[in-house]
Amino acid sequence: YPDSGNYIYKRLGESVHVPLNGVLQRIEYIDMDKTSATVGKMMNAGIDVTSKEGLAQLAAEEDADILIGVKIDFMRQDVVYLFDDGPYLMSHVGLKLFVYDRRTDKYTSYSGQKFYNDTYSLQGTANALTQEVMDRLLDKANLKQYVQ
């Protein structure tokens, strides 16, 4: 579900956006490709990068004060046709948002899920459920507190 992934990435970026950062240079973002490569190596070594220990190791390797990430626990959408009733939609989405602050060694995670099982509706698609869950997690996490 590429639209769901794009939405997650976009909303995560918006939630930690610092106005005029290009001029003020208040925070520095880690290169995503470099971080992805490091995460891949850690996962190949059997390290759970969404755990406190895994994020602490990643923060040390990347020299990052704060790490924020999202894991898609599950995402599924199926459409079946029930005789004369038309299409029936079954969608399930589960996300986990995690934050690690190396300065305080504090790890916080937030989980959310949403299910839809009913006649076909755009509000029940995996993309729509992803948006709802992601927005709810970002509200809970209040990520701005980490980048001010």
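- For the atom pair Leu58 CG and Ile30 CD1, the distance stands at 7.0 Å (nearest 0.5 Å).
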Working for side chain to side chain contact (heavy atoms under 4.5 Å, CB included), residues Thr119 and Leu89:
CA-CA 6 Å; Thr119 56; Leu89 179 63; over 6 Å; no
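- Nearest heavy atom pair, residue Ala126 against residue Arg76, reads CB-O, 4.4 Å.
- Side-chain atoms of Asp135 and Tyr7 form a donor-acceptor pair, as typed in the model, at a separation below 3.5 Å.
- Here the OG atom belonging to Ser91 is positioned 9.0 Å from the CG atom belonging to Asn127, to the nearest 0.5 angstrom.
- Contact of the Met43 side chain with the Val49 side chain is registered, since non-hydrogen atoms from C-beta on lie closer than 4.5 Å.
- With rounding to the nearest 0.5 angstrom, the OG atom of Ser15 is 12.0 Å from the NZ atom of Lys10.
- Within 6.0 Å of OH in Tyr9 there are 12 or fewer heavy atoms belonging to other residues, nucleotides or ligands.
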Quick one: do Gln57 and Glu61 satisfy side chain to side chain donor-acceptor pair (under 3.5 Å)? Show the steps, please.
CA-CA 6 Å; Gln57 182 177 338; Glu61 289 190 33; 3.2 Å; yes
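- Between Asn117 and Tyr88, the shortest heavy-atom contact is O-OH, 3.1 Å.
- Taken together through direct or relayed side-chain contacts under 4.5 Å among Ile, Leu, Val, Met, Phe, Trp and Tyr, Val39 and Ile8 form parts of separate hydrophobic clusters.
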Do Asp73 and Val93 pass the side chain to side chain contact (heavy atoms under 4.5 Å, CB included) test, and can you show the C-alpha distance, the side-chain angles, and the key distance before you say yes or no?
CA-CA 8 Å; Asp73 285 329; Val93 172; over 6 Å; no
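- The two residues Met134 and Arg11 have their closest heavy-atom pair at CG-CB, 4.3 Å.
- Taking all atoms of both residues into account, the shortest heavy-atom contact from Phe98 to Lys71 is CE2-N, 3.9 Å.
- Looking only at side-chain heavy atoms (C-beta outward), Leu12 and Ile68 come within less than 4.5 Å of each other.
- In this structure, Tyr29 and His17 approach most closely via the heavy-atom pair OH-CA, 3.8 Å.
- For the atom pair CG (Leu67) and OH (Tyr146), the distance works out to 12.0 Å, reported to the nearest 0.5 Å.
- A salt bridge links Asp63 to Arg102: one of the charged nitrogens lies within less than 4.0 Å of a carboxylate oxygen.
- For Phe74, the CZ atom sits in a packed shell: over 12 heavy atoms of surrounding residues, nucleotides or ligands are nearer than 6.0 Å.
- Contact check for Ile66 versus Arg103: side-chain heavy atoms found under the 4.5 Å cut-off.
- Connection of Leu55 to Val70 is not established within any shared hydrophobic cluster, with ILVMFWY side chains joined at heavy-atom distances below 4.5 Å, either directly or through further cluster members.
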Tyr100 and Lys106: CA distance, side-chain angles, deciding distance, side chain to side chain contact (heavy atoms under 4.5 Å, CB included) verdict:
CA-CA 6 Å; Tyr100 177 72; Lys106 183 179 177 189; over 6 Å; no
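- Annotation: the span from Met75 atom CE to Leu129 atom CG amounts to 9.0 Å, rounded to 0.5 Å.
- Between the side chain of Gln77 and the main chain of Thr125, no donor-acceptor pair closer than 3.5 Å is present.
- Between Arg136 and Asp139 the shortest side-chain heavy-atom distance does not fall below 4.5 Å.
- For the pair Leu97 and Ala141, the tightest heavy-atom approach, listed with the atom from each and the gap, is CD2-CB, 3.4 Å.
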For Tyr116 and His92, what are the C-alpha separation, side-chain angles and deciding distance, and is it a side chain to side chain contact (heavy atoms under 4.5 Å, CB included)?
CA-CA 6 Å; Tyr116 181 87; His92 310 99; over 6 Å; no
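- Side-chain contact check for Tyr107 and Asp101: no donor-acceptor pair (N or O, by modelled atom type) lies under 3.5 Å.
- Separating the CD atom in Glu132 from the NZ atom in Lys114 is a distance of 4.0 Å, to the nearest 0.5 Å.
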Derivation and outcome, side chain to side chain donor-acceptor pair (under 3.5 Å), residues Glu62 and Thr38:
CA-CA 8 Å; Glu62 297 293 327; Thr38 305; 2.6 Å; yes
